[in-house]
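Notes to accompany the following structure.
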Number of protein chains: 2
Amino acid sequence: MEHITIKDIAKALNLSTSTVSRALRGSHEINPVTKLLVMEYAEKFNYQPNPIALSLKENKSRSIGVIVPEIDNPFFSQAINGIEDIAYNKGYQVVIFQSHESYEREVINTQHITSRRVDGLLISLSGQTTNVEHLKNLHDKGLPIVLFDRISDEINTHKVISDNFEGSFNGTEHLIKTGRKRIAHIAASPHLSISKERVKGYLAALAKHNIPVDESLLKYCNYGLQDIEVVIDQLFANETPPDAIFTASDRLALGCLSTLKKRNIKVPEDIALIGFTNLKVAALLAPSLSTIVQPALDMGKRSAELLFDLIENTSKLPKSYRTFKLYTELIVRNSSVMKSDEERL
Amino acid sequence: MEHITIKDIAKALNLSTSTVSRALRGSHEINPVTKLLVMEYAEKFNYQPNPIALSLKENKSRSIGVIVPEIDNPFFSQAINGIEDIAYNKGYQVVIFQSHESYEREVINTQHITSRRVDGLLISLSGQTTNVEHLKNLHDKGLPIVLFDRISDEINTHKVISDNFEGSFNGTEHLIKTGRKRIAHIAASPHLSISKERVKGYLAALAKHNIPVDESLLKYCNYGLQDIEVVIDQLFANETPPDAIFTASDRLALGCLSTLKKRNIKVPEDIALIGFTNLKVAALLAPSLSTIVQPALDMGKRSAELLFDLIENTSKLPKSYRTFKLYTELIVRNSSVMKSDEERL
DNA sequence: TTGTATGCGTTATCAA
DNA sequence: TTGATAACGCATACAA
């Protein structure tokens with residue numbers, strides 16, 4: 001790829017590079033005639049400033065890094081959609097990394113991130129990540145970072161989450177109000193902030209309604225279908241099996257649904273199911289899936305906005321960082337409500 | 001973010017930058033002792049070469065651009081997953097752009113792409129794109145480009161598609177074999193290569209089985225739910241409505257399913273439905289969705305591999321470019337087969 | 001074996 | 001109003 005440079009223009013017009021540079025940037029200390037000449041030539045030969053040269057000079061890249069566990073997860077692809085949207089309007093480019101839920105991979109990604117000289121980082125932690133030194137180091141060195149969804153208390157910066165506690169509380173309470181007595185909760189990785197918050201919401205709802213906690217009904221589970229099958233089987237090996245399952249993620253809910261079908265356990269008759277998800281197809285599942293919706297797109301947008309706030313004000317650091325809690329919404333569909341329950345609502 | 005540079009190391013060790021540079025790159029013309037000294041210092045202070053400086057020098061960026069219509073579309077997010085996988089192993093970074101199915105946006109994206117000096121471009125065309133001059137220009141200037149999924153005949157380069165004709169043919173024939181007589185086909189944007197190929201497959205299957213083509217059963221449709229509702233209503237306003245719908249994409253199939261439910265039209269009893277999709281949840285829909293699976297991940301991987309082939313051999317251009325056709329697979333589920341049909345298969 | 005000088009494309013500083 | 005020069009970080013041709 002050949003690119004025309006300022007030098008080329010200068011040579012062609014018999015000017016110095018500095019004059020051309022100034023003319024291009026519309027400097028007022030340049031002769032209007034010269035300016036026009038340069039502008040026209042640049043236009044004609046489609047001059048585009050070399051952003052790499054600018055990056056080197058200004059020591060910034062006008063790009064931001066995004067590390068997510070998996071791109072191919074609707075929550076994250078929606079979030080990235082939102083991030084790209086904001087970045088596009090700011091003239092920034094988005095560089096994508098996947099941790100594949102691996103701590104090692106996440107650490108390597110952060111190394112790439114720094115070596116790439118991105119101007120900021122958006123990250124949602126991997127399920128394996130317990131130690132966040134790699135991020136702390138970056139942050140201490142002055143890299144603007146915003147955490148979203150899967151966050152950590154140990155990093156003092158802006159964060160964006162959905163109201164996991166409330167969503168979880170509402171979901172659980174919904175199950176209680178429709179008459180369920182033994183409500184299981186299947187959470188994702190126990191390390192994750194989202195898991196902890198959702199477990200708290202679950203427990204709080206039980207407590208409010210004076211339902212004793214049965215430890216055997218609280219499970220942590222990986223996303224693999226096999227893992228889910230094991231957990232379901234454990235739950236049903238219980239002396240008094242659960243009559244409802246509240247899962248802490250979209251993937252888990254899908255896995256449960258699939259396993260329950262396989263085991264010939266009827267939803268919602270034998271067991272109610274409610275997810276924590278954002279799947280567009282949730283309404284089309286059999287049965288349609290009750291769920292707590294997270295605003296993935298908005299979370300992405302908000303995170304990106306906060307990051308650009310930080311990037312554009314690196315000199316004056318905010319005195320205090322904030323954690324933004326976005327709304328969740330309980331959507332009741334068929335997987336959690338029987339015909340006979342409906343009056344009760 | 002402060003970064004240690006070669007200059008810093010040189011100063012600290014009282015060497016010249018060239019010596020440090022050579023030592024770092026393991027040059028054989030350097031004193032082993034000096035080399036060790038430099039290496040240790042670099043290690044200790046976590047020296048990372050500045051890729052921007054390298055880019056400027058070598059006129060390449062070790063990054064590739066990816067332009068897709070929407071990240072938040074399972075097909076593309078899976079493809080990007082594959083792309084990222086290959087790029088990661090090659091030490092390249094992936095810069096993401098969305099065209100949002102808009103031609104204008106796609107053109108702007110290609111401008112950003114060039115200005116960013118990416119080393120290559122992977123693109124799947126927007127639904128509005130009929131003119132590909134913007135891509136031809138880039139390609140003529142020497143930018144390695146690989147098209148995937150939504151391709152164009154007018155650009156002579158490597159392309160990766162799934163076998164749309166065969167998939168479409170098999171899907172249609174499956175409907176014929178299960179006794180359907182009036183099979184509608186709902187395609188996406190008529191400009192898209194995938195639409196054309198899938199329509200061909202559909203027509204070929206009808207022809208093979210001597211079923212006359214009814215133009216009123218061939219529809220083109222945008223992804224919006226409202227657009228789909230209009231098309232479904234048109235189809236059912238027909239004197240003899242269809243008894244099967246073969247949709248050319250995942251989103252269309254979902255929209256159809258949802259609309260048919262709303263209209264109280266039973267699938268598969270009143271009408272069979274089959275999609276062209278890769279949704280992981282297809283099996284969990286009500287009814288479970290018969291579909292033609294595209295290997296999105298593999299398509300992404302293959303495209304990226306081809307792109308790196310081109311990037312790493314820019315000097316010797318391949319004499320001929322190839323279009324790689326990846327397998328598709330018909331998966332029969334409940335949306336296309338009634339109990340009574342099953343013996344017939 | 002090491003050092004000096006140059007250039008990648010751009011802009012800022014200083015001089016004219 | 002314009003030009004010469006240096007600098008960003010690195011690699012390399014050339015010199016020592």
Side-chain angles (χ1 to χ4, degrees), chain A residues 1-39 41-42 45-63 91 114-119 141-142 314, chain B residues 1-39 41-42 45-63 91 114-119 141-142 314:
Chain A
M1 292 268 325
E2 293 288 301
H3 288 275
I4 182 176
T5 71
I6 284 189
K7 211 183 269 185
D8 298 326
I9 301 178
K11 208 173 290 172
L13 300 181
N14 240 315
L15 292 167
S16 75
T17 56
S18 26
T19 304
V20 174
S21 171
R22 279 185 281 238
L24 252 16
R25 328 199 76 240
S27 165
H28 285 292
E29 51 181 16
I30 238 75
N31 187 326
V33 182
T34 314
K35 202 186 282 185
L36 198 69
L37 212 64
V38 171
M39 289 298 209
Y41 192 93
F45 291 93
N46 188 28
Y47 168 77
Q48 290 182 313
N50 184 331
I52 293 173
L54 287 174
S55 289
L56 183 60
K57 193 132 192 44
E58 298 170 6
N59 201 26
K60 46 186 181 173
S61 62
R62 287 196 82 76
S63 70
T114 50
S115 100
R116 262 285 144 176
R117 309 298 204 262
V118 298
D119 296 341
K141 282 185 193 155
T314 31
Chain B
M1 293 268 322
E2 292 288 304
H3 288 275
I4 182 176
T5 70
I6 283 190
K7 210 185 271 185
D8 298 327
I9 301 179
K11 208 173 290 172
L13 300 182
N14 240 314
L15 291 166
S16 76
T17 57
S18 39
T19 303
V20 174
S21 172
R22 279 185 281 241
L24 251 19
R25 326 201 78 241
S27 165
H28 284 291
E29 50 181 16
I30 238 75
N31 185 326
V33 182
T34 313
K35 204 187 280 186
L36 198 69
L37 212 64
V38 171
M39 290 296 210
Y41 191 92
F45 290 94
N46 188 28
Y47 167 78
Q48 291 180 312
N50 184 332
I52 293 173
L54 286 173
S55 290
L56 184 60
K57 186 131 192 49
E58 298 171 6
N59 202 27
K60 46 187 182 173
S61 61
R62 287 195 85 75
S63 69
T114 51
S115 99
R116 262 286 144 174
R117 308 299 203 265
V118 298
D119 296 342
K141 281 184 194 156
T314 31

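Below, read A as the first sequence line, B as the second, and so on, with proteins coming before strands; counting in each chain starts at 1.
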Legend entry - 4.5 Å side-chain heavy-atom contact, B/K35 and B/R22: no
Legend entry - Close side-chain approach of A/V38 to A/L15, heavy-atom, < 4.5 Å: yes
Inset, instruction - Can you tell me the distance, in whole Å, between the CG atom of B/L56 and the P atom of C/dT11? - result: 13 Å
Inset, instruction - Tell me which of A/S18 and B/P32 sits closer to the 5' end of DNA chain C, going by the nucleotide each one is nearest to. - result: B/P32
Inset, instruction - In whole angstrom, give the distance that lies between atom CG of B/L13 and atom C1' of C/dT2. - result: 14 Å
Inset, instruction - Identify whether any heavy atom of A/S21 sits under 4.0 Å from a base atom; if not, whether one sits that close to sugar-phosphate; answer base, sugar-phosphate or nothing. - result: base
Inset, instruction - Report which part of the nucleic acid B/T5 touches: base, sugar-phosphate, or nothing (heavy-atom distance under 4.0 Å, all strands). - result: sugar-phosphate
Legend entry - Heavy-atom donor-acceptor pair, B/R117 side-chain to C/dG9 base, under 3.5 Å: no
Inset, instruction - Report which part of the nucleic acid A/T34 touches: base, sugar-phosphate, or nothing (heavy-atom distance under 4.0 Å, all strands). - result: sugar-phosphate
Inset, instruction - Would you kindly say whether A/S16 and A/T19 are connected by a side-chain donor-acceptor distance under 3.5 Å? - result: yes
Inset, instruction - Round to the nearest Å and state the distance from B/K57 atom NZ to C/dG7 atom C1'. - result: 6 Å
Inset, instruction - Measure from CG on A/D8 to C1' on C/dG9 and round the result to the nearest Å. - result: 10 Å
Inset, instruction - Return the value, rounded to whole Å, for the distance between atom CG of B/L54 and atom C1' of D/dT12. - result: 13 Å
Legend entry - Within 6.0 angstrom of B/K60 NZ, more than 12 heavy atoms from elsewhere: no
Inset, instruction - Round to a whole Å and report the spacing from CG of A/L24 to P of C/dA12. - result: 13 Å
Inset, instruction - Working to the nearest 0.5 Å, report the span between OG of A/S115 and CG of B/L54. - result: 9.5 Å
Inset, instruction - Report which part of the nucleic acid A/L15 touches: base, sugar-phosphate, or nothing (heavy-atom distance under 4.0 Å, all strands). - result: sugar-phosphate
Legend entry - Nearest-neighbour nucleotide for the A/K7 side chain, C/dC8, C/dT10, C/dT1 considered: C/dC8
Inset, instruction - Specify the residue among B/A53 and B/R22 whose closest nucleotide of DNA chain D lies further upstream toward the 5′ end. - result: B/A53
Inset, instruction - Report the distance from atom CG of B/N50 to atom C1' of D/dA7, rounded to the nearest whole Å. - result: 14 Å
Legend entry - Contact nearer the 5' end of DNA chain C, comparing A/P49 with B/H28: B/H28
Inset, instruction - Go through D/dT2, D/dA7, D/dC10 for me and flag the one nearest to the B/I6 side chain. - result: D/dC10
Legend entry - Distance-only donor-acceptor test (3.5 Å): side chain A/T19, base D/dT1: no
Inset, instruction - Round to a whole Å and report the spacing from CD of A/E58 to C1' of D/dA7. - result: 13 Å
